[in-house]
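Notes follow the structure.
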Amino acid sequence: MKKATLKIDAKHVTADIDPRLYGSFIEHLGRAVYGGLYQPGHAGADEDGFRTDVLALVKELDVPVVRYPGGNFVSGYNWEDGVGDVSARPARLDLAWSAVERNTVGLQEFQRWLDKAGAGLMYAVNLGTRGVDEARNIVEYANHPGGTYYSDLRKKHGREKPYAIKTWCLGNEMDGPWQIGAKTAYEYGRLAAECAKVMKWVDNSIELVACGSSGAFMPTFGAWEAEVLEHTYEHADYLSLHSYHENKAGDTESYLTKNLDMDDFIKSVLKICDDVKAKKGLNKTMMLSFDEWNVWYHSLESDAKIPRWGSEPPARLEDIYNFEDALVVGGSLITLIKNAGRVKIACLAQLINVIAPIMTDPVLGAWKQTIFYPYLHASRFGRGRAVHVDVDSPKYDCKARTDVDCLDSVAVRNNEGNEITVFILNRNIHHDLETEIAIEGAKEVIEHIQMAGHDMKAVNSLKRQSVVPRRVPCAALENETLSVIIPKASWNVVRIKL
Ligand code: AHR
């Protein structure tokens, strides 16, 4: 059997991890809100119409922050439509997803849901059809204590205390031709800078995320970031990145290297941020918000056939994830943790029914997709400080890359400093690896959780949870070293007492 070694010095901390690295995203899209988190007629709905089975799964994931209300949706959204008397709210055409939005759920209801889920809110403002006026008004509505038109309107709507929303996105994917009100980098940069300035005048405690490119595939990638930062660097705190993985070619060996593309993407964006910083002679360091990432491709073909303007939002972007997708999500989490020094926020896109770890049956219960598990592990055991792992692994070549390490790994020391979790992906589909994990100061193995041995295309469903993690027996430590078999194509979480 081929061999690998992982060497870990728990003192070799690379970054403090912001808990928001394990954030998620909910958009008014398909069955994310209506029929997802909110379904008053469902047997498990609570007094507010929220599905308690969904809430239980969101709480299990311990989601720290949720980006809302979009996505492409936000670029045509009037936030005023979603506050106040529900019976008086207008139905509108949602041009982003060709649906009718009835506005039964808006900021008020969503915040109530978040309170029940124990998550924070990251709110995106509409810079597609709207601008400075809307942006300043919603900050006043949400965050100003009182005594002004919009803060008093909030009180009239039954919310005395400000929502105190800390993090705000300055629009969404404004470079994309599919975006309502898409803009050039100059147009967006100027608008975002003016909105940012005024939003911070209303509440100087807020943080702002400027839009980076919709993805590294955009023809304007790089030039967009440079120009947008030219205008917004002084005002924004984060620049956004979005990335969706796919395996349309059915090439698993290449697919399992997708997190390395994410890593390259992060490094390229950081270089641009730091160049602009140097050019402007500023001290402030731009942080990143990877506020949309996931696998998205299984549903594309069937979604193209959905008729426009259905009276209920149709099921859209309902990717059913398989085992290899779970491995790609695990790898992506490793990459995010490795870059936690600069990536402070990341949002798994999305959370419920729409390219999501949590799915709902309209009548029966909620269930966990394969990708639920690596996300759960990272959110639960990935809080604290990121620790470098020195990986010595066999390599392989595939269509996408050459000399790819079979093993990818990062570790996280918990905040108390008495436990370290090593996340390990074996992205090679042929070789089990006899692996030595040497950890300075390791006292005892707590557990080894593993997802392995499944068919790459195996999926879960409401009726059957086939792709699940299990605890595997592991040998005792010898001289602070653990010897384990890391099976081919596997996701591993090794927890150790220090
Ligand atoms: O998450 C689905 C869509 O992907 C979002 O609405 C958009 O921002 C991105 O293109």
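Only this structure's heavy atoms are used, side chains among them; waters, hydrogens and symmetry mates stay out. In each ligand, atom 1 is the first atom listed, and ligand 1 is the first ligand listed.
- In terms of protein heavy atoms, atom 6 (O) of ligand 1 is closest to E27 OE1, 2.6 Å.
- Short contacts between ligand 1 and G71, defined as distances under 4.0 Å to a heavy atom of the residue, involve ligand atoms 5 (C), 6 (O), 8 (O).
- Heavy-atom minimum distance, A32 versus E27: CB-O, 3.4 Å.
- Looking at heavy atoms from C-beta onward, V493 lies out of side-chain contact with Q450 at the 4.5 angstrom threshold.
- Ligand 1 has a nitrogen or oxygen under 3.5 angstrom from a nitrogen or oxygen of E292.
- Counting heavy atoms under 4.0 Å from ligand 1, residue F73 does not touch it at all.
- Within the structure, salt bridge (charged side-chain N to carboxylate O under 4.0 Å, His left out) pairs that include any residue of residues 364-384 comprise E60-K368, D62-R383 (at least two apart or interchain).
- Of all the atoms in ligand 1, the ones that sit under 4.0 Å from a non-hydrogen atom of W296 are 2 (C), 3 (C), 4 (O).
- With respect to atom 7 (C) of ligand 1, the closest heavy atom belonging to the protein is N72 OD1, 3.2 Å.
- When each atom of ligand 1 is checked for a heavy atom of I355 under 4.0 Å away, the hits are 1 (O).
- Atom CG of residue N322 and atom CG of residue L327 lie 9.0 Å apart, to the nearest 0.5 angstrom.
- Ring planes of Y188 and W224: parallel class, angle under 30° (limits at 30 and 60°).
- Here W97 has side-chain heavy atoms under 4.0 Å from ligand 1, and that is the only part of it that gets that close.
- When only interatomic distances are considered, the shortest N/O to N/O separation between H242 and ligand 1 does not fall below 3.5 Å.
- Interface atoms of ligand 1 facing Y244, defined by a heavy-atom separation under 4.0 Å, are 1 (O), 2 (C), 4 (O).
- Within the 4.5 Å cutoff, no side-chain heavy atoms of L348 are placed close to those of F25.
- Close approach of ligand 1 to E173 is summarised as follows: ligand atoms under 4.0 Å from at least one heavy atom of the residue are 7 (C), 8 (O), 9 (C), 10 (O).
- Each of the following atoms of ligand 1 lies closer than 4.0 Å to a heavy atom of F25: 1 (O).
- Pairing each heavy atom of A142 with each of I165, the nearest pair is CB-CD1, 3.8 Å.
- Side-chain contact between W367 and F372: absent, with no pair of heavy atoms (C-beta onward) separated by less than 4.5 Å.
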